[in-house]
Amino acid sequence: MSADPSLILDGREIPFVPGQTILQAADDAGVYIPRLCDKPGLEPFGSCRVCVVRANGRTVSSCTYPASLGMVVESETPELQAMRKVLLEMLFVEGNHFCMSCEKSGHCELQALGYRFGITAPQFEYQFPHREVDASHPDILIDHNRCILCARCVRTSRDLDGKEVFGFVGRGPHKRLAASTGSRLKDTNADVTDRAIDACPVGALLRKRVGFAVPVGQRPYDTVPIGAPEPVQEARR
Ligand code: FES
């Protein structure tokens with residue numbers, strides 16, 4: 001081992017900076033671990049579990065679990081890939097994800113992970129929930145049918161936009177994204193320039209009147225799979 005702190009990820013020694021999570025160390029080493037609720041620049045949230053790894057034999061979320069000296073991490077095992085695939089399939093059936101009619105198609109991280117994991121038809125029954133679309137704001141809409149409750153918009157609004165536009169209401173299966181005022185999006189100080197809108201990994205938060213600004217077929221994940229190695233991945237950020 002080198003003098004810098006390092007861990008072993010899938011048999012490869014990678015360095016880390018003390019305080020980094022496993023996911024951050026992997027990213028810095030150019031090793032992709034699938035994720036959905038994590039986004040660089042935001043506090044780790046640890047809700048989706050797609051970033052699951054085994055660290056010294058324990059199953060943990062790599063986006064929240066700290067890297068430590070000599071830790072042995074497994075990520076690309078058949079067991080862990082199967083767990084991630086099940087989690088993704090559950091997300092697909094829990095909402096209404098009709099990719100072909102979604103403006104986020106080709107930009108959507110859930111869709112891109114679906115392709116990465118070869119999900120053609122989820123093994124679970126579709127729930128087809130009845131959820132509203134909040135189109136009350138003049139420039140932004142929330143489609144609750146596509147929200148995966150990752151809280152990226154909540155954290156971005158709070159920590160990067162300096163606002164508190166979004167929050168959650170309800171518990172368990174009734175939990176949903178809401179305007180933090182408890183009412184409609186039009187009653188908040190949400191603005192079309194907010195970074196929170198771009199933080200959404202799916203098509204739950206969209207700007208109005210910009211559909212097809214990027215033609216289908218030319219969108220980031222139409223051409224470069226999610227998790228593609230650098231520098232190809234860098235080009236789509
Ligand atoms: Fe780690 Fe969602 S990316 S729990």
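One-based numbering, in listed order, for ligands and for the atoms of each. The shown structure was predicted, so the numbers you read here are calculated from the model rather than taken from an experiment.
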Practice problem: Taking atom 1 (Fe) of ligand 1 as the centre, count the protein N/O/S atoms lying under 2.8 Å from it. | Solution: 2
Exercise. Rounded to the nearest 0.5 Å, what's the gap from OG on Ser62 to CG on Asp38? Could you check?
Key: 8.0 Å
Solution key, residues 70-79 side-chain donor-acceptor pairs under 3.5 Å, sequence neighbours excluded:
{"from": "Ser75", "atom 1": "OG", "to": "Arg84", "atom 2": "NH2", "distance (Å)": "3.0"}
{"from": "Glu76", "atom 1": "OE1", "to": "Gln81", "atom 2": "NE2", "distance (Å)": "3.1"}
{"from": "Thr77", "atom 1": "OG1", "to": "Leu80", "atom 2": "N", "distance (Å)": "3.1"}

Quiz item: If you group Ile, Leu, Val, Met, Phe, Trp and Tyr by side-chain heavy-atom gaps below 4.5 Å, do Ile140 and Ile142 land in one group?
Solution: yes
Only distances under 3.5 Å count here; give the side-chain donor-acceptor pairs of residues 112-126 to other protein atoms, sequence neighbours excluded, each with its distance to 0.1 Å.
{"from": "Arg116", "atom 1": "NH1", "to": "Ile226", "atom 2": "O", "distance (Å)": "3.0"}
{"from": "Gln123", "atom 1": "NE2", "to": "Glu89", "atom 2": "OE1", "distance (Å)": "2.8"}

Quiz item: Atom CZ in Arg146, atom CG in Leu177: separation rounded to 0.5 Å?
Solution: 14.0 Å
Quiz prompt | Set of side chain to side chain donor-acceptor pair (under 3.5 Å) partners for Arg152, sequence neighbours left out | solution = Glu109
